[in-house]
Amino acid sequence: MTQPLQPGSTVYLLEKGGELLARMPLREMEMFAIHCGFEPTPAFEPYRALFDEDAAATDRLAEDDSPEVMQQAEAVLDRILALNLLIRREGGGVHRQALIGIEGNQASFRPLDIQEEPL
């Protein structure tokens, strides 16, 4: 039987090639997004600037949805997806690729395939 996900008690792990990049304690679940805290390990540091760039691109898109700004945002997203980051629930579970956004001490993600069940 699957236990319900509980804010504060469910923790997701962000990994790359089996290396732990961050712990992400669940804060809130929505239909298409999971919102978490973000507790990076030192292994995340090489990727921080890319996620900062992604957050800035998202902010720019909110104000300017021109094709040029959209292309820039998509290029950053492609670089993040190329990292092949995986997310799984602490204590086991399936590794899944996800679209992830990180800003400061917060992260949110959703499965790449919207038909997948939440982790």
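Note that these values count all heavy atoms, side chains included, but never hydrogens, waters or copies made by symmetry.
Nearest heavy-atom pair across Ala22 and Pro40 is CB-CA, 3.7 Å. Of all non-hydrogen atoms in Ala107 and Ile102, the two that sit nearest each other are CB-CG1, 4.1 Å. Taking each heavy atom of Cys36 and Leu26 in turn, the nearest pair found is SG-CA, 4.0 Å. Across all non-hydrogen atoms, the minimal contact from Leu21 to Phe44 is O-CB, 3.4 Å.
Leu83 and Phe38 fall within the same hydrophobic cluster, where Ile, Leu, Val, Met, Phe, Trp and Tyr residues are linked whenever their side-chain heavy atoms come under 4.5 Å apart, directly or through other members. Taken together through direct or relayed side-chain contacts under 4.5 Å among Ile, Leu, Val, Met, Phe, Trp and Tyr, Leu86 and Leu50 form parts of separate hydrophobic clusters.
Listed by first and then second residue, the side chain to side chain donor-acceptor pair (under 3.5 Å) pairs that reach into residues 98-107 come to none, sequence neighbours excluded. Every pair passing side chain to side chain donor-acceptor pair (under 3.5 Å) that includes a residue from residues 51-62 is listed here, sequence neighbours excluded: Glu53-Arg79.
Ring pair Phe109/Tyr12 is perpendicular by interplanar angle, where above 60° counts as perpendicular and below 30° as parallel.
For the pair Leu81/Leu99, a side-chain contact is recorded, criterion being any heavy-atom separation below 4.5 Å from C-beta on.
The line from CD1 of Ile80 to CD1 of Ile100 is 8.5 Å long, rounded to the nearest 0.5 Å. Within the model, atoms CD1 of Ile34 and CZ of Arg110 stand 11.5 Å from one another, a figure rounded to the nearest 0.5 Å.
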Passes salt bridge (charged side-chain N to carboxylate O under 4.0 Å, His left out), Glu19 versus Lys16? Steps please. CA-CA 5 Å; Glu19 181 174 33; Lys16 177 174 175 45; over 6 Å; no
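With respect to Leu14, the side chain to side chain contact (heavy atoms under 4.5 Å, CB included) criterion is satisfied by exactly one of Arg88, Met24, Glu39: Met24.
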